[in-house]
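Predicted model only: the values in this text are computed from it and were never measured. All ligand and atom numbering here is 1-based and tracks the order in the structure. Every heavy atom of this structure was used, including side-chain atoms; hydrogens, water molecules and symmetry mates were not.
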Amino acid sequence: MLATVELFTRTGGIILSRWGHFLAGITWIGLLWYFNFVQTPSLAQFEAGPRVELQRKLLGRALWWFRWGAMFTVLTGIMILGFQKNFDGNYMKSGPGLSISTGILFALIMWANVWLVIWPNQKVVIANADRVAAGQEPDPNAASAGRKGALASRTNTLFSIPMLFFMAATSHFAPVFDTSKGSHRGIYYIIVLVIAAFFELNALGVLGGYAPSPTRKFLDDHRQTIAVGVGIWIVLMIAWQVLFT
Ligand code: HEM
C-alpha cells in the first residue's frame with residue numbers, strides 16, 4: 001500500500017512519466033519501423049487498385065497513432081527531465097547528461113520530421129488516393145510529396161538506431177565515463193551536430209534535391225538504412241571511447 005502511495009509523489013512522477021514514455025515511444029517507433037520495414041517494401045508490389053485502397057483506409061489511421069505517439073513521447077520525455085530534476089547542477093556536463101542530450105537531439109529532429117515533413121506530405125498522398133478512387137485526375141504533386149515523406153521517414157529510421165541507444169545508455173552505460181573536460185565535450189557535440197545536420201539536410205533535399213544519388217541511395221533500401229544507422233552508432237561509440245576514457 002505504502003509503495004502504491006509513492007506513485008503520487010515525485011518518485012511516482014518519475015516512474016509514471018517513464019512508463020508513459022515507453023508506451024508512447026513504442027507506439028511511434030513501432031509504426032515507424034512497420035512503415036519502413038514492412039509497408040513500403042510490400043506496397044511497391046501491390047497493384048494500383050489495392051494500393052489506393054490501403055492509402056485511403058489504413059494509412060490515415062496508422063499516421064494518427066504515429067504522429068500522436070511522437071507528440072506524447074516528447075511530452076513524457078520532458079516530464080521525466082522535470083521530475084528527475086535533470087536540469088539542476090552539473091547534470092548536463094555528466095556522462096548521463098551527454099547521453100540524454102544526444103538521444104534528445106536525434107529525437108527532436110525525428111519529431112520535426114514527423115510533424116513538419118512526413119504528415120503534411122502524406123496528407124497529399126491520401127487526398128490523391130481519394131481523388132483517384134472518385135475517378136478524378138490524379139494530383140501531379142502526389143509522387144513528389146510521397147518521395148519527400150519517404151526520405152524523411154527513412155532518415156528517422158536511421159536516427160532511431162543511435163537515438164534509442166543513447167536513451168537507454170543514459171542510466172545504464174554513460175555514468176562510468178569521464179566527461180569532465182569541457183574541450184572534449186565540445187568536440188563530441190561538434191561530431192554529433194555535424195552528423196545530425198548532414199543526414200537531416202540530405203533528407204530535406206538541401207544536398208542536391210530528392211532524386212536517388214550516392215548520398216541518398218542507402219535511403220532507398222531499408223537494410224542499407226539500418227547499416228548506416230549502426231555505422232553512426234559505431235562512430236559515436238569511438239568518440240566516447242577516445243574522448244571520455
Ligand atoms: C525529445 C524527445 C525525448 C525526450 C525529451 C526524452 C527524454 C528521456 C529521458 C529524460 C529519459 C530518462 C533517462 C534516464 O535518466 O535514464 C529517457 C529514457 C528513455 N527514452 Fe526517451 N526521450 C525522448 C524521445 C524518446 C523516443 C523517441 C524514444 C523511443 C522509443 C525514447 C525511448 C526511451 C527509452 C527506451 C528510455 C529508457 C531508458 C532506460 O531506463 O533504460 N525516448 N528519455
Side-chain angles (χ1 to χ4, degrees), residues 6-7 9-38 62-119 149 152-177 179 185 188-189 192-193 195-197 199-200 203 222 225-226 229-230 232-233 236-237 240 244:
E6 279 268 286
L7 287 179
T9 66
R10 201 171 68 79
T11 320
I14 293 174
I15 183 62
L16 289 180
S17 50
R18 275 177 164 259
W19 182 34
H21 192 57
F22 299 162
L23 293 177
I26 289 169
T27 306
W28 174 17
I29 305 301
L31 281 165
L32 173 73
W33 289 347
Y34 158 75
F35 285 134
N36 279 274
F37 303 157
V38 181
L63 283 167
W64 187 89
W65 286 97
F66 177 71
R67 67 183 184 279
W68 289 108
M71 187 66 88
F72 278 96
T73 308
V74 172
L75 290 178
T76 48
I78 294 167
M79 280 168 64
I80 304 173
L81 289 174
F83 278 120
Q84 288 187 166
K85 300 195 173 170
N86 287 3
F87 297 118
D88 290 1
N90 282 330
Y91 177 79
M92 284 300 166
K93 293 181 183 168
S94 68
L98 248 67
S99 175
I100 202 66
S101 310
T102 311
I104 289 174
L105 174 75
F106 285 126
L108 284 178
I109 296 173
M110 292 169 62
W111 178 90
N113 280 338
V114 168
W115 278 92
L116 305 178
V117 184
I118 299 171
W119 174 229
S153 186
R154 276 287 153 84
T155 301
N156 273 7
T157 304
L158 177 87
F159 284 152
S160 70
I161 293 170
M163 180 278 290
L164 264 179
F165 176 81
F166 286 103
M167 285 292 153
T170 299
S171 291
H172 308 282
F173 178 74
V176 295
F177 288 86
T179 54
R185 291 198 305 273
Y188 173 72
Y189 275 125
V192 174
L193 287 172
I195 290 174
F199 286 102
E200 182 59 13
H222 58 288
T225 305
I226 296 171
V230 173
I232 295 176
W233 172 77
L236 294 178
M237 279 301 89
W240 275 76
F244 303 136

*Hey, are Y188 and T179 close enough side-chain-wise for a donor-acceptor pair under 3.5 Å?*
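Per modelled atom types, T179 and Y188 side chains form no pair under 3.5 Å.
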
| said: Check the orientation of W240 and F177. Use parallel for under 30°, tilted for 30 to 60°, and perpendicular for over 60°. | reply: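 Perpendicular.
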
| task | Please state whether the rings of F35 and F66 are parallel, tilted or perpendicular, taking 30° and 60° as the class boundaries. | result |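 Ring orientation of F35 relative to F66: perpendicular.
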
Within the side chain of [X], is there an N or O that forms a donor-acceptor pair under 3.5 Å with the backbone of [Y]?
X   : Y    : value
T73 : A24  : yes
S99 : G95  : no
R67 : V114 : no
S17 : T76  : no

For residues 83-91, run the donor-acceptor check on the side chains, cut-off 3.5 Å, and write out each pair with its distance to 0.1 Å, sequence neighbours left out.
residue: Q84; atom: NE2; partner: N86; partner atom: OD1; Å: 3.1

Pull out every atom of ligand 1 sitting under 4.0 Å from any heavy atom of [X], numbered as shown with elements.
X    : value
I29  : 29 (C), 30 (C)
M163 : 26 (C), 27 (C), 28 (C), 29 (C)
H172 : 39 (C), 40 (O), 41 (O)
W28  : 27 (C)
T170 : 13 (C), 14 (C), 15 (O), 16 (O)
L164 : 29 (C), 30 (C), 32 (C)

Which residues and atoms, counting only protein N, O or S, are under 2.8 Å from atom 21 (Fe) of ligand 1?
->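 You should have found H21 NE2, M167 SD.
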
Exercise for the section: Classify the contact between W111 and ligand 1 as side chain, backbone, both or neither, using a heavy-atom distance cut-off of under 4.0 Å. Expected result: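 Within the 4.0 Å criterion, W111 makes no contact with ligand 1.
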
Return the option from [options] holding the heavy atom at the smallest distance from [atom].
atom                    : options         : value
atom 34 (C) of ligand 1 : F165, F159, F22 : F22
atom 1 (C) of ligand 1  : L108, I26, L105 : L108
atom 16 (O) of ligand 1 : A24, G69, S171  : S171

Between Q84 and ligand 1, does any nitrogen or oxygen pair lie at a separation below 3.5 Å?
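N/O-N/O distance below 3.5 Å exists for this pair.
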
Open item on the list: With respect to N86, determine whether any N or O atom, backbone or side chain, lies less than 3.5 Å from an N or O atom of ligand 1.
Closed with: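 In this structure, N86 places no N or O atom under 3.5 Å from an N or O of ligand 1.
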
Any heavy atom of R18 closer to ligand 1 than 4.0 angstrom?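 A heavy atom of R18 does come that close to ligand 1.
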
M110 side, atom CE; N156 side, atom CG - distance, nearest 0.5 Å: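 The CG atom of N156 is 4.5 Å from CE of M110, to the nearest 0.5 Å.
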
| query | To the nearest 0.5 Å, how far apart are CZ in F106 and CD1 in I161? | reply |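 CD1 of I161 is found 11.0 Å from CZ of F106.
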
Quick one: are [X] and [Y] in side-chain contact, heavy atoms under 4.5 Å?
X    : Y    : answer
F166 : L105 : no
I109 : F199 : no
L236 : F165 : no

Measure the distance from atom 10 (C) of ligand 1 to every protein heavy atom, then report the residue, atom name and distance (to 0.1 Å) of the closest one.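 Ranked first by proximity to atom 10 (C) of ligand 1 is L81 CD2, 3.4 Å.
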
